[in-house]
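Letters go in sequence order (proteins before strands), and every chain restarts at 1.
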Amino acid sequence: MECLKIDNITKVYKGNKKEPDKIVLKDISFSINEGEFVCLLGPSGCGKTTLLTMMGGFLEPTSGKILLDGNEIKGPGSERGYVFQNYALFPWMTVKENIAYGLKFSTKTKEEKEERVKYLINMARLNGNEKKFPIQLSGGMQQRVAVARALAGFPRVLLLDEPLGAIDFQMRELLQNELDQMVQEAHITAVMVTHDVSESVFMSDRVIVLGNNHGHIVSDYKIDLPRRRDRESEEFKKCVTELTSLVRIAFNENITAGEACIMKRRK
Amino acid sequence: MERPKNKIWDVKARRLELVNDTYLGYIVLMILCAIWFFASKNIKSELILPSFEKTAVEFLTGWTNKRVMTNFWITLKRVLLGVGYAIVVGTIIGIGMGYSKKVYNALSPIINSIRQIPIMTWVPLSIIWFGLGEGPTIFLIFMSAVFPLTINVIDGVANIDQNLVYASRSMGASLSDIIRDIILPGAFPSFLTGVRLAIGGGWQSVI
Ligand SMILES: Nc1ncnc2c1ncn2[C@@H]1O[C@H](COP(=O)(O)OP(=O)(O)O)[C@@H](O)[C@H]1O
Ligand SMILES: [Mg+2]
């Protein structure tokens, strides 16, 4: 069943005296089915964050619309959990308070909320750290708090913007395992932005490759491997190879667009 | 409980540090007093530099002198009132201007022009407005306290990570929830700096 629908989205950032308007995304359409984990993959600067921010409702598309279960998204809402690139944990709240904030405005009873927070702390393996402040946590722990907080209010979709972008290479695979486990346990529809090919193959059912040519969709790539994927398997490596060349095409689109631009100016 | 070691949120710890090092300030003060003591011995003119001993005696007896003390309390009350009003007004305007670009653009021309007016030029106007009692003094203290406070609150609010506001909105927070849960705690360190400057400014315009 269709859950999230991106319908002919165009986004233009208004320029100023020094800079012209910037068309970041042009006529982008795709849809995401219930329970699917979709990665948006593409070179840096191609508009992935812009697209996800509009799904979050923090930014309005210039034209087109985004629908969730058939309703147009107009502003942020608790049916969409968001994990920010820098986690955006509240620095003055403890781990427990941060996670509980995700439930603060829900209509559930106090007991139900307490129960839910306990469950999430368990699921994110944060036991014993409830009273710590974000600044006292490792990057991996901050990431788990951010995911737990976003999941707290039972959102319909989880939106993640490069949740592992700031994590060094050695830790990354470990945290991918953890994130994969949390999302699978939550049985939730999710959209994740990344520029790491192997990460997208490990995590997702579908990878949408965006090019820098106004976010043009280079490929909508299905990954049909069994879960808790084996990074060493032949199938996994094959997907990585294929997607890597697709990303290269996406990146070259960028260069061709850039060159075309320069050529135009020379004329 | 352990406090987080965060630059912004270490308000308490920062004060503790100051307390540990305050003896340095007393040493400098004592050295200056000693210089004063010997200098006045050499100059021997009370008009140019009054002797250290006499000034010290006056300073100490002042604390037990009834007239001096009543005036001290009156002044303190005026400062607290003026600064109190400044805190209320400055916080409200500061949050508005820091949070919304529109409010900022609407108010900044008028605030920036009033801010430039030297405090003494308010004296005649304030006497016309508030008569000859406490009013003008409190008004002047207010005027010199409100701007440093407002500017610090604006700065504190504007520097809050926009994603924190987004995050709370995506959890269903309303504007008043955002102000209470994100803006106020996020801008609190700058607010404290503002209050310190406001109290300083308030004292300076006591007449
Ligand atoms: N608020 C903004 N105003 C103007 N340009 C922006 C703004 N945000 C992003 N951009 C530009 O839009 C393009 C896409 O940005 P972004 O969506 O962050 O890309 P990605 O997340 O794929 O790296 C970039 O060239 C960036 O400079
Ligand atoms: Mg980005």
Exercise. For the rings on B:Y166 and A:Y82, is their centre-to-centre separation under 6.0 Å?
Worked result: no
Exercise. In terms of heavy-atom proximity below 4.5 Å to chain B, should A:L89 be classed as side chain, backbone, both, or neither?
Worked result: backbone
Problem set entry | Exam field: side chain B:S144 to backbone B:I141, donor-acceptor pair closer than 3.5 Å | yes
For this session: Counting only heavy atoms closer than 4.5 Å, note whether B:S174 contacts chain A via side chain, backbone, both or neither.
Result: neither
Exercise. A:K132 versus chain B, heavy atoms under 4.5 Å apart: side chain, backbone, both or neither?
Worked result: neither
Exercise. Quick one: what part of A:Y101 sits under 4.5 Å from any heavy atom of chain B, side chain, backbone, both or neither?
Worked result: both
Problem set entry | is_close_aromatic(A:F84, A:F58), centroid dist under 6.0 Å | yes
For this session: Look only at the side chain of A:N16 and the backbone of A:E19, and say whether a donor-acceptor pair between them is shorter than 3.5 Å.
Result: yes
